[in-house]
Amino acid sequence: MSVYLDNASTTKPCPESVSAVVEALTENFGNPSSLHRIGLNAQLVVDKARKIIAGSIGADIKEIYFTSGATESNNLALRGVMGAYGKRRNKIIISAVEHASVEETVTALENQGFEAVRISPRSDGNFYIEDFVNACDDKTCIISIMLVNNETGHILPVADIFKAVKKRYPEIITHCDCVQAYMKIPVNVKKLSADMISLSGHKIHAVKGIGALYIKKGIRIIPVVTGGNQEKGIRSGTESVPLISAYGTAVEKYSPTINQRYEKVTGLKKYLLEKLSEIDGISINSPENASPYVVNISAGKRSEIMLHFMEQKDIYISSGSACSKGQQSGVLQQFGITGKSADSALRISMTADTTTEELDLFVEILREGIEKIRG
Ligand code: PMP
């Protein structure tokens, strides 16, 4: 039995998404910008997906912009806003545990002369609203905080932070990377007080190479990719109709079951933690109130070695963040997970389709790995 527990890296596309890709490739191959009927049909496919995605986050259709994924969405949000407003307000606030697509973009913006402040969790592992508010001032342009951390599942108090920031500095633009939250916990732009949010298709059983950026009406953005004026000039380039269609299809499928699936995965996490508690020397790095979809543990053996041991047995997990190709991203250290615990960290990320049999097998092989791997 093959056991895939690396769903925070990517998910298997659902059959409906795959069919949507094939249908768009075979029947709706037109360019949405073409003025004839074949083009119009492609445009209708794009419009339908846009409506579904807008509805799923409480946004207007005109506020959704398709991108190639959340990396691009995060780049567009940060670079675009600094390009539009940065002359007057040059400061960026982020959390110190953001995904590389935010962290590295902010570093690039610092190299261009903008100022950035990174807020760390306190020693209890929690983020405090006042730490963010106190970092803001009249020069602050944008605050960007992720909703669910991809390495540990930590849920950050984004809505509370954004509300407090907006109350004191209504001009500051709020951006949230919702990649690991979307379709797993409810995401609503108004409840979050978010002016922009980034989303990715391949984390929700759609396909790779598609994502979206929500931009609240009235927020100005300088495009990163210029050209034929698609996506109202915010993101030029012929729309990928097949990928967009798959994305809308997956959102339509998974939107109605967010709470049911959350409960199911909460049960799976509980089951997994009980099983793990029977093994000596395992520590759990994810807090109790984390997203149940991501469980970060330390098993005392070097992550890469354990990963390959598991792979030989057809079990697929991740060490920390898959995006950093095994390189430590510093996020675990931010949460107080250092030294051997960080070196031996493993990330198990589930879906509602994960079974207890799969978890049993994972735990069995983990136990075997701990016994067999030396050092
Ligand atoms: N943000 C977070 C929190 C992520 O987990 C990821 C994917 N690992 C991204 C952004 C980047 O998404 P994409 O792969 O769509 O570029």
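Atom set for the values below is all heavy atoms of this structure, side chains included, hydrogens, waters and symmetry mates excluded. Because the structure is predicted, anything quoted here is derived from the model rather than measured.
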* Exceeds 12 heavy-atom contacts within 6.0 angstrom, atom NZ of K232 -> yes
* **Ion pair check, R50 and E239, cut-off under 4.0 Å** => no
* To the nearest 0.5 Å, tell me how far I337 CD1 sits from I297 CD1. => 12.0 Å
* Between S193 and K163, which heavy-atom pair has the shortest distance, and what is it? -> OG-CG, 3.4 Å
* Could you tell me whether a side-chain N or O of T174 sits under 3.5 Å from a main-chain N or O of D195, the two making a donor and an acceptor? => yes
* Structure fact -> What one should report as the nearest heavy-atom pair of D360 and Y271 is OD1-OH, 2.5 Å
* Judged by modelled atom types alone, do T152 and N285 share a side-chain donor-acceptor pair under 3.5 Å? -> no
* Report yes or no: does R79 contribute a side-chain atom to a donor-acceptor pair with the main-chain N or O of A108 at less than 3.5 Å? => no
* State, yes or no, whether a side-chain contact exists between I317 and L366 at a heavy-atom distance under 4.5 Å. => no
* Straight-line distance of I64 CD1 to I244 CD1, nearest 0.5 Å -> 12.0 Å
* **N111, CG: over 12 other non-hydrogen atoms inside 6.0 angstrom** => yes
* To do: Give the intermediate values and the outcome of side-chain contact (heavy atoms from CB on, under 4.5 Å) for residues T11 and Y4.
  => CA-CA 9 Å; T11 54; Y4 184 76; 6.0 Å; no
* Asked: Backbone N or O of V241 within a donor-acceptor pair of the S245 side chain at under 3.5 Å?
  -> no
* Asked: Measuring from E103:CD to D177:CG, what's the distance to the nearest 0.5 Å?
  -> 12.5 Å
* To do: Step by step, work out the side-chain contact (heavy atoms from CB on, under 4.5 Å) result for E110 and T107.
  => CA-CA 5 Å; E110 281 181 299; T107 302; 4.2 Å; yes
* At their closest point, which heavy atom of S17 faces which heavy atom of T249, and how far apart are they? -> N-CG2, 4.2 Å
* In terms of hydrophobic clusters joined by side-chain contacts under 4.5 Å, are V117 and L156 together? -> yes
* Asked: Checking T355 side chain against E358 main chain: does a donor-acceptor pair fall under 3.5 Å?
  -> yes
* Asked: Does the side chain of S198 reach to within under 4.5 Å of the side chain of L213, using non-hydrogen atoms?
  -> yes
* Student check: side-chain heavy atoms of K253 and C14 closer than 4.5 Å -> yes
* Asked: So do F66 and L243 actually touch side chain to side chain, heavy atoms under 4.5 Å?
  -> no
* Do K340 and S298 come close enough that some side-chain heavy atom pair is under 4.5 Å? -> no
* Asked: Any donor and acceptor pair, going by atom type alone, linking the side chain of S144 with main-chain N or O of C176 inside 3.5 Å?
  -> no
* Considering residues, nucleotides and ligands other than E130, do more than 12 of their heavy atoms fall under 6.0 Å from its CD? -> yes
* Asked: Do other residues, nucleotides or ligands put more than 12 heavy atoms under 6.0 Å from the NZ atom of K48?
  -> no
Pair up each side-chain donor or acceptor in residues 179-187 with any protein partner under 3.5 Å, not counting sequence neighbours, and list the distances.
residue	atom	partner	partner atom	Å
Q180	NE2	A8	O	3.0
Y182	OH	S56	OG	2.6
K184	NZ	K203	O	3.4

* Given side chains that start at C-beta, do those of L359 and K275 come closer than 4.5 Å, heavy atoms only? -> no
* Asked: Hey, are the side chains of I143 and I173 touching, using non-hydrogen atoms and a 4.5 Å cut-off?
  -> no
* **Within one Ile-Leu-Val-Met-Phe-Trp-Tyr cluster: I370 and L276, side-chain cutoff 4.5 Å** => yes
* Residues D138, Y169; criterion side-chain contact (heavy atoms from CB on, under 4.5 Å); working and verdict -> CA-CA 7 Å; D138 294 334; Y169 302 98; 3.7 Å; yes
* To do: For L25, look at atom CG and say whether over 12 heavy atoms of other residues, nucleotides or ligands are found less than 6.0 Å away.
  => yes
* **Single-linkage hydrophobic cluster L199~L192, side-chain heavy atoms < 4.5 angstrom** => yes
* For residues E98 and S95, is any side-chain donor paired with an opposing acceptor at under 3.5 Å? -> yes
* Does one hydrophobic cluster hold both L272 and Y262, with members joined at side-chain heavy-atom distances below 4.5 Å? -> yes
* How would you list, by chain and number, every residue that makes a side chain to side chain contact (heavy atoms under 4.5 Å, CB included) with R367, sequence neighbours excluded? -> E278, I279, E371
* **Worked verdict on E368 versus I365 for side-chain contact (heavy atoms from CB on, under 4.5 Å)** => CA-CA 5 Å; E368 201 184 312; I365 303 298; 4.0 Å; yes
* How many angstroms lie between atom SG of C141 and atom CG of L109, to the nearest 0.5 angstrom? -> 10.0 Å
* Asked: What distance do L76 atom CG and I234 atom CD1 have between them, rounded to the nearest 0.5 Å?
  -> 7.0 Å
* Closest heavy-atom contact between R220 and V81? -> O-CG2, 4.2 Å
* To do: Heavy atoms only: give me the nearest S286-N296 pair and the separation to one decimal.
  => OG-N, 2.8 Å
* Please say whether more than 12 non-hydrogen atoms of neighbouring residues, nucleotides or ligands are located less than 6.0 Å from CD in Q112. => yes
* Structure fact -> When rounded to the nearest 0.5 Å, the distance separating CG of L346 from OG of S318 is 8.5 Å
* Asked: Under 4.0 Å between a Lys/Arg side-chain N and an Asp/Glu carboxylate O for D353 and K12?
  -> no
* **S73 side chain near Y65 side chain, heavy-atom distance below 4.5 Å** => no
* Do T105 and N75 have side-chain atoms, one donor and one acceptor, less than 3.5 Å apart? -> yes
* To do: Please check if atom CG in D124 has more than 12 non-hydrogen atoms from other residues, nucleotides or ligands closer than 6.0 Å.
  => yes
* Please work out which of the three classes, parallel, tilted or perpendicular, describes the rings of F335 and F127, given edges at 30° and 60°. => perpendicular
When the side chains of residues 86-93 are checked against the rest of the protein, which donor-acceptor pairs come out under 3.5 Å, sequence neighbours left out?
residue	atom	partner	partner atom	Å
R89	NH1	T140	O	3.2
R89	NH1	E171	O	3.1
K91	NZ	A135	O	2.9
K91	NZ	D137	OD2	2.9

* S349 (side chain) donor-acceptor with N7 (main chain) under 3.5 angstrom -> yes
* To do: Establish whether V97 and V102 are linked, either directly or via other cluster members, by ILVMFWY side-chain heavy-atom contacts under 4.5 Å.
  => no
* Any ion pair linking R235 and E72 (charged N to carboxylate O, less than 4.0 Å)? -> yes
* To do: Please report the shortest heavy-atom distance between S236 and N229, naming the atom on each side.
  => OG-N, 2.9 Å
* Ignoring hydrogens and angles, tell me if any N or O in the side chain of K301 forms a donor-acceptor pair with the backbone of S344 under 3.5 Å. => no
* **Distance under 6.0 Å and angle within 45° of ring axis: R261 vs Y254** => no
* Thinking salt bridges, do K216 and D60 make one under a 4.0 Å N-O criterion? -> no
